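Structure record follows, encoded as structure tokens.
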There are 2 protein chains.
Amino acid sequence: MKTPTRKEEIIKSAAKLFLERGYSAVTMRDLAKELGIKAASLYNHISSKHEILESLIISVAEEFTVGMNQIFLSELSTLEKVEQVIHLHIDVTVKNQDALGSLNNDWMHLEGKALPYFEQMRNQYEENFRQIIKTGIAEGSIAARDPEILLFSVLSTLRTLYLWYPKKNSIDMQTLKADMTATMLASIRA
Amino acid sequence: MKTPTRKEEIIKSAAKLFLERGYSAVTMRDLAKELGIKAASLYNHISSKHEILESLIISVAEEFTVGMNQIFLSELSTLEKVEQVIHLHIDVTVKNQDALGSLNNDWMHLEGKALPYFEQMRNQYEENFRQIIKTGIAEGSIAARDPEILLFSVLSTLRTLYLWYPKKNSIDMQTLKADMTATMLASIRA
DNA sequence: ATACAAAACTAACGTTTGTTAGTTAAATCT
DNA sequence: AGATTTAACTAACAAACGTTAGTTTTGTAT
């Protein structure tokens with residue numbers, strides 16, 4: 001647990017506010033007030049509001065991408081791969097709770113190269129997941145329903161976890177993983 | 001198909017832009033440009049930006065509330081109730097595609113009485129759904145897992161449908177309802 | 001005590017924001 | 001045709017926006 005730099009503290013506070021109100025509705029003065037300083041002081045540590053959004057979203061997106069690629073290229077069975085994806089999602093979400101708000105709702109406000117870069121990661125991620133599901137259907141381990149519906153059904157739940165997890169921290173990590181995995185596997189299993 | 005009033009056209013355009021960029025990121029000048037007029041002209045038809053958001057969100061929320069109450073109070077079996085809720089969600093989503101963006105992401109920007117009113121409807125909706133699920137678990141028709149996880153899993157998928165449906169309009173309504181219902185019932189069934 | 005770096009401050013900038021006031025053009029009704 | 005309604009316009013406002021420049025305070029190391 002190294003002590004965070006001031007920049008990291010700013011980004012963390014920003015993530016929290018972005019989650020509550022959305023990127024566009026949070027002003028630099030709001031963010032400054034949250035930290036007990038003036039808006040201009042923020043610029044000793046960060047170069048723009050956009051930089052904050054970018055560093056929030058891109059780092060988490062890369063974490064998802066790396067994890068998914070690893071699973072996709074592994075030698076696991078199809079259902080084991082799905083299970084790993086679920087665990088990946090839970091882990092990344094729990095570790096980056098607030099940032100996931102921006103990733104899900106404010107990615108369209110990314111600027112410059114960051115936007116296509118993000119979109120490409122996101123598409124790649126979905127495509128990998130789609131392939132896993134299609135393979136499962138072909139080999140009979142996953143139900144023969146429309147693959148888009150199966151994909152979107154699982155992905156929706158995973159992507160919305162950030163909204164629910166913080167409110168139900170009575171649930172321990174063990175139960176969360178076990179019950180979520182059971183529920184989602186049941187939804188797609190043949 | 002009655003011809004829409006100018007006000008309705010404005011609200012419809014607003015819904016589309018709010019969906020794409022979020023309420024706070026859309027300016028009255030953006031909205032005016034979309035309609036081919038000047039920003040000031042909007043105020044001949046609407047009284048404020050907030051009014052637009054409010055009418056978008058509240059009307060759809062009420063539609064959900066009415067539908068859910070009807071199902072909740074019906075004599076159907078638990079699983080039939082869940083099925084009806086799924087159908088309700090699909091119907092309302094397809095009919096109000098764009099407005100669902102605001103409902104899901106911008107409800108916190110509601111002002112005055114509209115905010116607590118919305119929150120109350122939303123809580124009531126979730127509570128009704130929770131009761132249905134708990135009853136199902138008690139009577140053995142629904143899997144004995146954490147009810148919060150079952151609830152959030154199904155609700156997440158339903159609430160995110162507005163993001164997927166427009167992109168996959170190759171899928172016909174018949175298949176959509178059938179496959180979604182099958183998938184989600186499988187996820188919670190005992 | 002002095003020097004240096006980190007992090008705050010005040011003041012201000014040019015834009016953009018939602019909105020109002022007052023006026024004009026087009027469409028509909030009598 | 002004249003009157004009325006509908007819906008557009010131009011011009012402008014005060015407030016809030018992200019950001020810059022220059023300065024002062026605070027904490028740490030010599």
Side-chain angles (χ1 to χ4, degrees), chain A residues 2-58 101-102 105-115, chain B residues 2-58 101-102 105-115:
Chain A
K2 76 169 173 64
T3 55
T5 66
R6 195 61 170 141
K7 180 169 181 172
E8 287 167 343
E9 287 177 338
I10 289 172
I11 290 176
K12 192 180 164 189
S13 283
K16 185 187 152 214
L17 295 185
F18 291 171
L19 170 64
E20 287 170 2
R21 288 173 241 167
Y23 173 75
S24 303
V26 174
T27 72
M28 296 304 271
R29 285 166 180 84
D30 291 335
L31 177 54
K33 188 167 256 176
E34 176 81 10
L35 290 153
I37 61 177
K38 300 288 169 176
S41 306
L42 294 168
Y43 290 85
N44 286 321
H45 309 278
I46 53 110
S47 67
S48 71
K49 192 186 177 188
H50 275 111
E51 188 209 7
I52 299 178
L53 184 70
E54 199 171 307
S55 74
L56 272 175
I57 292 180
I58 299 297
S102 302
N105 294 315
D106 288 319
W107 58 266
M108 70 285 281
H109 300 118
L110 287 172
E111 290 192 345
K113 288 169 267 182
L115 180 57
Chain B
K2 76 167 172 66
T3 55
T5 66
R6 195 62 172 139
K7 179 169 182 172
E8 286 166 342
E9 289 178 338
I10 290 172
I11 291 177
K12 191 180 164 188
S13 283
K16 184 188 153 214
L17 295 184
F18 292 172
L19 171 64
E20 287 170 2
R21 289 173 240 167
Y23 173 76
S24 302
V26 175
T27 72
M28 295 305 271
R29 285 165 180 85
D30 291 335
L31 176 55
K33 187 167 258 175
E34 176 82 11
L35 290 154
I37 60 176
K38 300 287 168 176
S41 305
L42 294 168
Y43 290 84
N44 286 321
H45 309 278
I46 54 109
S47 68
S48 71
K49 191 186 178 189
H50 275 113
E51 189 209 8
I52 299 177
L53 183 70
E54 197 170 309
S55 74
L56 273 175
I57 293 180
I58 298 297
S102 302
N105 293 315
D106 288 320
W107 59 266
M108 71 284 279
H109 300 118
L110 288 172
E111 289 192 345
K113 286 168 268 182
L115 180 56

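On a predicted model such as this, the values are computed, not experimentally measured, just so you know. Residue numbers start from 1 in every chain, and the chains themselves are labelled A, B, ... in the order their sequence lines are given, proteins ahead of strands.
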Please determine whether side-chain contact (heavy atoms from CB on, under 4.5 Å) holds for the pair A:Asp106 and A:Leu56, giving the CA-CA distance in whole Å, both sets of side-chain angles, and the decisive distance to 0.1 Å. CA-CA 10 Å; A:Asp106 288 319; A:Leu56 272 175; over 6 Å; no
Can you measure A:Glu9 atom CD to C:dA8 atom C1' for me and round it to whole angstrom units? 14 Å
Plane angle bin for B:Tyr23 and B:Phe18 - parallel if under 30°, tilted between 30 and 60°, otherwise perpendicular: perpendicular
Please check the phosphate of C:dC9 (OP1 and OP2 only) for any side-chain N or O of A:Ser41 closer than 4.0 Å. yes
Could you give the CG-to-P distance, from B:Leu35 to D:dT6, as a whole number of Å? 19 Å
Qualifying residues under side chain to side chain donor-acceptor pair (under 3.5 Å), relative to A:Arg6, sequence neighbours excluded: A:Glu9
Phosphate-side-chain proximity, A:His45 and C:dA6, N/O vs OP1/OP2 below 4.0 Å: no
Run A:Leu53 and A:Trp107 through side-chain contact (heavy atoms from CB on, under 4.5 Å) and show every step you take. CA-CA 8 Å; A:Leu53 184 70; A:Trp107 58 266; over 6 Å; no
Figure out the CD1/P separation between A:Ile37 and D:dT25, and round it to whole Å. 18 Å
Here the distance between atom P of D:dA8 and atom NZ of B:Lys7, to the nearest Å, is 14 Å
Give me, pair by pair, the N or O atoms of the protein and of nucleotides 14-23 of chain D that are less than 3.5 Å apart, along with how far apart they are.
unit_1	atom_1	unit_2	atom_2	d
D:dG18	OP1	A:Lys49	NZ	3.1
D:dG18	OP2	A:Met28	N	2.9
D:dG18	N7	A:Arg29	NH1	2.9
D:dG18	O6	A:Arg29	NH2	3.0
D:dT19	OP2	A:Tyr43	OH	2.6
D:dT19	OP2	A:Lys49	N	2.9
D:dT19	O5'	A:Tyr43	OH	3.3

Nearest whole angstrom, please: distance from the C1' of C:dT23 to the NZ of B:Lys38. 16 Å
Applying side-chain contact (heavy atoms from CB on, under 4.5 Å) between A:Val26 and each of A:Arg21, A:Lys16, A:Glu20, report the one that passes. A:Arg21
Check this for me, if you would: do B:Glu111 and B:Lys49 make a salt bridge, where the nitrogen-to-carboxylate-oxygen distance has to be below 4.0 angstrom? no
Between C:dT17 atom C1' and B:His109 atom NE2, what is the distance in whole Å? 15 Å
Report the distance from atom CZ of B:Arg6 to atom P of C:dT28, rounded to the nearest whole Å. 14 Å
